[in-house]
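Throughout, a chain's letter reflects where its sequence line sits, starting with A, and its residues are numbered from 1.
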Number of protein chains: 2
Amino acid sequence: MSAIAEAKPPSRREQILAAAAELFARHGFHGVGIDDIGSAVGISGPALYRHFRSKDAMLGEMLTAISEVLLAGGQNRVARADPLAELVRFHVDFALDNPALITVQERNLGNLTDPDRRKVRALQRRYVELWVEVIRAAVPGLSEPSARAAAHAVFGLINSTPHSRHLDRDQMADLLTRMALAALTDVPGSPGTALSESVPDE
Amino acid sequence: MSAIAEAKPPSRREQILAAAAELFARHGFHGVGIDDIGSAVGISGPALYRHFRSKDAMLGEMLTAISEVLLAGGQNRVARADPLAELVRFHVDFALDNPALITVQERNLGNLTDPDRRKVRALQRRYVELWVEVIRAAVPGLSEPSARAAAHAVFGLINSTPHSRHLDRDQMADLLTRMALAALTDVPGSPGTALSESVPDE
DNA sequence: CAGCCAGGTTAGCGACGGCTAACGCGTGCG
DNA sequence: CGCACGCGTTAGCCGTCGCTAACCTGGCTG
């Protein structure tokens, strides 16, 4: 039952999930057929039903797995020194190493079954909560909604990774980490910090 | 033929496109049926074909329109003083005022017809080019690939907007603008600015 | 006031996609 | 040796979806 760390049954299911993730990321959940997923792993079509109850179940399992990994990883970084940098680095690494998963999680939450969506949402909420607390500790005086908004913004920044790929992995990691930290430490918390002298007409 | 500024045929088409954008954003292109779009604007089903050649044509028109607006807007901001801030503010405003469009553009590029995709890609490229030049001007010594990566990262940051909504519009605009500028002015460009030479643990 | 046509309706076709059914086959264990 | 079972195959059902056809209607216009 437990989805976490099933010792080492390495292959078929995981292989299928990986292929499916790639396809879902590229074409969207509804844009991918059972047969597409099958042939991506060498078998064809309905053989998938030996491993998964349904197509929805694949997406469900995929997304809950991601959320669990992120939450667990996040939880054990916040214990260390400089938790903000740790969190950023962790997320950056995950995004760079799993671009397809990140993409699917961003785009296909809406295609989940209701119970699956609730579960994933709950996990994500806890992950965000982690970030919010760490951000507020690092940037004193920041309101909670602002911290939450900042967290989402930084997720967007880091998760933009799959669409880029102009630098090699390590340079990319450094760049994203730097930018994320810079953004986070300059988020406007203190009231009166207006920067609006620009003319926003039409 | 020209898609730009067709005088003022204001309503039906645009109304349909807006509704479709909302739906595409929420469920993905393939997750939305013709009938869904129809009933979202009060008419039902195939009546849409009085206005569009096909469902693909809707997406195509939608995405090219967005890209054209962004490019045009971007082009006339880079002329002003402090073009980086102008560009950021412009993009932030657009994202905050058109969350559905932003979402669709991010997620559904892959569902475009080949010729449509080429056209959109071309427009996007020019928009990114704008950013790259402005960024390199603002951050001397920054390599072009780094600038490109930074641009995409900032798009991610700003476009994360639809998933947030914890602050009111203006606060959100300020927050995003500040974060984006902070991120952009601290992007690692100068060679040797590795943060990987030692573990940044304090 | 006739009639056109913009813009809507419903019926229905053909393709496709998810899933089930029924069957085949090799490997491990009694 | 045989049989069960994990894992794969192909055939095919059934619902849905994009789109066309055929028809209706009300307001402008000659």
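In the set C:dT9, C:dC19, D:dC19, the nucleotide with an atom closest to the side chain of B:S54 is D:dC19. Of the candidates D:dG8, D:dC19, D:dT10, the closest approach to any side-chain atom of A:P46 belongs to D:dT10. With C:dC19, D:dC19, D:dG8 as the choices, the nucleotide that has an atom nearest any side-chain atom of A:Y49 turns out to be C:dC19.
B:R125 CZ: 12 or fewer foreign heavy atoms inside a 6.0 Å radius.
Here A:R50 does not reach the OP1 or OP2 of D:dT9: none of its side-chain N or O atoms lies under 4.0 Å away. Here B:H51 reaches the OP1 or OP2 of C:dG8: one of its side-chain N or O atoms lies under 4.0 Å away.
Within the nucleic acid shown, B:V41 has no heavy atom closer than 4.0 Å to any nucleic acid atom.
Remark: P of C:dT9 and CG of B:L48 are 9 Å apart, rounded to the nearest angstrom. Rounded to whole Å, the distance from CD1 on A:I34 to C1' on D:dT9 is 16 Å.
A donor-acceptor distance shorter than 3.5 angstrom exists from the side chain of A:K55 to the backbone of A:F29, with no hydrogens or angles considered.
Mapped onto DNA chain C by nearest heavy atom, B:G42 and A:K55 fall at different nucleotides, with B:G42 at the one closer to the 5' end.
A salt bridge does not link A:D114 with A:R121: none of the charged nitrogens is closer than 4.0 Å to a carboxylate oxygen. Ion pair A:E61/A:R13 flagged as a salt bridge, since at least one NZ, NE, NH1 or NH2 atom sits closer than 4.0 Å to an Asp/Glu carboxylate oxygen.
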